[in-house]
Amino acid sequence: MRAMTVIPGKADSASVGEVAEPPETDGTMLVEGVLAGICGTDLELVSGEFGGDGANRLVLGHESLGQVLDAPPGSGFSNGDLVAGIVRRPDPEPCPACARGEWDFCRNGRYTERGIKGHDGYGAERWRVDPYFAVRVPAELGRLGVLIEPASILTKAWEQVDRIGGRSWYEPKQVLVTGAGPIGLLAALIAAQRGYAVHVLDRSDQGPKPQLVRDLGGSFLTNLEDLQVQPDVVIEATGAGPVVVESAKLLAPAGVMCLTGIAPGPSSIDVQMDALVRQLVVRNAALVGSVNAAKRHYADAVDVLLAADRDWLDRLITRTVPLSDWPSALTKEPDDIKVVVDLRA
Ligand code: BGC
């Protein structure tokens, strides 16, 4: 069967690979691949700079949507159901976090991730998954189910913000989101659903992003100096040093900033660190990094997508490329937000 393959650690190795049928060890449920979303992590894996030693082929695809071909009895799934696969698997030990189902907080780094680290992904004509690691996609979401995994990154991030915010009186009103890619826009969607005033920063005001933000009732900025309020919460989705530092300086007292993005780097900037530290300390500011998601965050992501305007979500998927030509999904086009691969084409 065909799959989206890459050799991590080897540049320009992305290809339409011919691979064996998915092994039973991947799980008892057989699924037909429908869509795979492409994100920055895939671009890093394809660049050859991350994820491997250039020796082993990996099936990419961690943002998934599939249709069940063979559901094992008692699995809770039926043939024909739409499903998305969970990305991370607990480490084999397991560490205390993984043992509690908090593999997103794995302590020893020996977890695996489908399509990213040590385990083939979902970017194939067929894949297998243990039903425990599959999430039912309500039929009404249809192709939008491919957004469940990226949305799970934000339901987890918002949970972190809430937990940290809860250290004292917490009633956020103003939210700054930095970066208007899929992660930033989904962060803004959740902020808008919660009734917060949302401001989204991006470096460019070209393409569909400004209108998507306005349709959430948010304001769109290309310059942080135009932000007229102090954010109670910042969801950072660029990973760019200057944006991180400048946004942290703006935090309101007891503000929480959640870092969700990673920039390829390396880059360095001049920072007056002692002044920044003073500002963070005297305001009780909190900066927290957040990666991946546990099972409950996927369920929360389904709820977020179900509560959203379907047309708005549909506009996030700006390009669909066939599996037969999937490496073209890796070349950025000006209006791209989320590019997905049609695994049946
Ligand atoms: C994925 C996460 C994953 C992270 C690091 C992200 O693109 O969405 O699930 O944990 O990459 O590998």
Side-chain angles (χ1 to χ4, degrees), residues 4 6 8-9 14 35-52 56 58-65 83-91 94-95 97-98 101-123 127 129 133-135 145-160 179 181-187 189-190 235-239 258-265 288-302 304-305 316-317 329-330 332 336-341:
M4 298 156 49
V6 66
L35 293 175
I38 300 290
C39 87
T41 305
D42 300 304
L43 300 184
E44 277 191 67
L45 283 161
V46 165
S47 74
E49 281 159 25
F50 160 76
N56 297 308
L58 178 77
V59 174
L60 272 189
H62 61 278
E63 299 181 1
S64 63
L65 176 69
V83 287
I86 289 177
V87 175
R88 196 173 278 195
R89 297 291 177 274
D91 72 78
C95 77
C98 284
E102 297 200 335
W103 49 71
D104 53 323
F105 276 94
C106 179
R107 291 298 205 273
N108 61 27
R110 291 177 60 212
Y111 61 83
T112 56
E113 288 183 336
R114 298 286 304 252
I116 302 175
K117 181 177 179 275
H119 199 161
D120 280 339
Y122 302 116
W127 38 271
V129 67
F133 291 103
V135 180
V146 75
L147 298 174
I148 291 172
E149 197 279 338
S152 75
I153 301 299
L154 280 319
T155 52
K156 170 179 170 179
W158 271 110
E159 181 190 79
Q160 304 312 300
I183 293 292
L185 288 168
L186 289 167
L189 169 68
I190 296 174
I235 307 282
E236 208 298 308
T238 69
C258 185
L259 307 172
T260 65
I262 300 173
V288 61
S290 180
V291 69
N292 195 251
K295 194 173 160 84
R296 68 180 180 282
H297 303 121
Y298 285 78
D300 295 344
V302 170
V304 162
L305 298 181
L316 296 185
I317 302 178
L330 302 167
K332 257 203 169 319
D336 278 351
I337 298 178
K338 175 57 69 189
V339 180
V340 298
V341 177

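Whatever order the structure lists ligands and atoms in, that order sets their numbers, starting from 1.
Remark: D104 pairs with K156 by the salt bridge (Lys or Arg N to Asp or Glu O under 4.0 Å) rule, at least two apart or across chains. Applying the salt bridge (Lys or Arg N to Asp or Glu O under 4.0 Å) test to R107 and every residue at least two apart in sequence or in another chain returns nothing. Scanning for salt bridge (Lys or Arg N to Asp or Glu O under 4.0 Å) contacts around E159 gives R163, R296, with sequence neighbours left out.
Around ligand 1 you find C39, T41, H62, V87, R88, E113, I116, E149, I153, V291, N292, each with a heavy-atom distance below 4.0 Å.
Around the CD1 atom of I262, the shell of radius 6.0 Å holds no more than 12 heavy atoms that belong to other residues, nucleotides or ligands.
Between K338 and C39 the shortest side-chain heavy-atom distance falls below 4.5 Å.
Within the model, atoms NE2 of H62 and OH of Y122 stand 11.0 Å from one another, a figure rounded to the nearest 0.5 Å.
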